[in-house]
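I have placed the structure first, in the form of structure tokens, so that the comments after it can refer back to it.
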Protein chains: 2
Amino acid sequence: MGLTKSQIYTDRQNDLAQFFKVLGHPARVAILQYISQQEACICNDLVEEIGLAQATISQHLKELKSLGLLKGEIEGKRMCYCIDMVRWNDIQNQLNSFFNTTKSNCC
Amino acid sequence: MGLTKSQIYTDRQNDLAQFFKVLGHPARVAILQYISQQEACICNDLVEEIGLAQATISQHLKELKSLGLLKGEIEGKRMCYCIDMVRWNDIQNQLNSFFNTTKSNCC
DNA sequence: ATTTATTATCGTAATATTGCAATATGTAAA
DNA sequence: TTTACATATTGCAATATTACGATAATAAAT
């Protein structure tokens, strides 16, 4: 059906899956890696760097923003996207907590 | 188009995204959590526990197996699925490496 | 005000994913 | 060797995701 039955899972399960899902595309991995290597990030650089159309990059940025991983500031006529370090650490901790809890219980 | 252009990314970017993607569904998160809480895991238990059809659970298990996160042993007429701890730790380390590298470079 | 440059949004086509019923396969018991 | 049970596979329908061209929106420069 293509429709995930979110209502049968806990909020925590849905949240964890959502984190993983947003990171689960190579373009978004590449965007995060590229941003982390720049002084300041500009969307048009990403278009050349990654090799997707501008509309597509903009869409991927939107998803990363929706998770709070990126924050964008207007800088003249450009956008400066940066990783939100607080959120980044928060999500890393939540994912590690999932990994650690799961493995500590396992048979 | 629905078609991810894998060839424009590095192998590492594709691998990372693949790990995230497989974990990016609440049913698969729930399956891993449930297995970790049992002495031994049986597929039919999952069907009742999670509330998806047997075919659907089997499909999700297949994806987790494809990543090497689960290993299944035949036990009588049932299957005993367990988390592969070596692979589990391996993937956790790779994801942490991604998180740490990215944040250490960031502006 | 017009032009130019940058990013966001909309509409659309193509592929992927999710979920299930039906069926096949495999295994143990009767 | 049937029967019963457990899991895997297949086929299909519905929704989601990916990607891009076209276009809108925004902001600086001319």
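Labels below follow one simple rule: chain letters A, B, ... track the order of the sequence lines, proteins then strands, and each chain is numbered from 1. Hydrogens, waters and symmetry mates play no part in the numbers below; they use all other heavy atoms, side chains included.
Between Asp90(A) and Arg87(A) there is a salt bridge, since a side-chain N of the basic residue sits under 4.0 Å from a carboxylate O of the acidic one.
Across all strands shown, Ile57(A) has no heavy atoms under 4.0 Å from either base or sugar-phosphate atoms.
Side-chain atoms of Leu23(A) and Leu23(B), non-hydrogen and from C-beta on, never get closer than 4.5 Å to each other. Looking only at side-chain heavy atoms (C-beta outward), Leu16(A) and Tyr9(A) stay at 4.5 Å or farther from each other. The closest side-chain heavy-atom distance from Phe20(A) to Phe98(A) is below 4.5 Å.
Between Ile74(B) atom CD1 and dT27(C) atom C1' there is a gap of 9 Å when expressed in whole angstrom units. One can place CD of Glu73(B) at 17 Å from C1' of dG26(C), the figure rounded to the nearest angstrom. Regarding Leu23(A), its CG atom lies at a distance of 12 Å from the P atom of dT18(D), rounded to whole Å. Atom CG of Leu46(A) is separated from atom P of dT7(C) by 9 Å (rounded to the nearest Å). Taking atom NE2 of residue His60(A) and atom P of nucleotide dT7(C), one finds them 16 Å apart after rounding to whole Å. Atom CG of Leu70(A) is separated from atom P of dT7(C) by 14 Å (rounded to the nearest Å).
Phosphate contact (OP1/OP2 of dT17(D), side-chain N/O of Lys21(A), threshold under 4.0 Å): present. Distances shorter than 4.0 Å separate some side-chain N or O of His25(A) from OP1 or OP2 on dA19(D).
By the side chain to side chain contact (heavy atoms under 4.5 Å, CB included) test, Lys77(B) pairs with no residue at all, sequence neighbours left out.
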Protein-nucleotides 4-12 of chain D N/O pairs under 3.5 Å:
from, atom 1, to, atom 2, distance (Å)
dA6(D), OP1, Arg78(B), NH2, 3.2
dA6(D), O4', Lys77(B), O, 3.4
dT7(D), OP1, Cys43(B), N, 3.3
dT7(D), OP1, Met79(B), N, 3.3
dT7(D), OP2, Asn44(B), N, 2.8
dT7(D), OP2, Asn44(B), OD1, 3.2
dA8(D), OP1, Tyr81(B), OH, 2.4
dA8(D), OP2, Ser58(B), OG, 3.1
dA8(D), N7, Gln54(B), NE2, 2.8
dA8(D), N6, Gln54(B), OE1, 2.9

Donor-acceptor contacts, no H, no angles, side chain residues 57-74 of chain A, under 3.5 Å, sequence neighbours left out:
from, atom 1, to, atom 2, distance (Å)
His60(A), ND1, Arg28(A), NH1, 2.9
Glu63(A), OE2, Arg28(A), NH1, 3.1
Lys65(A), NZ, Tyr81(A), OH, 2.9
Ser66(A), OG, Glu63(A), O, 2.7

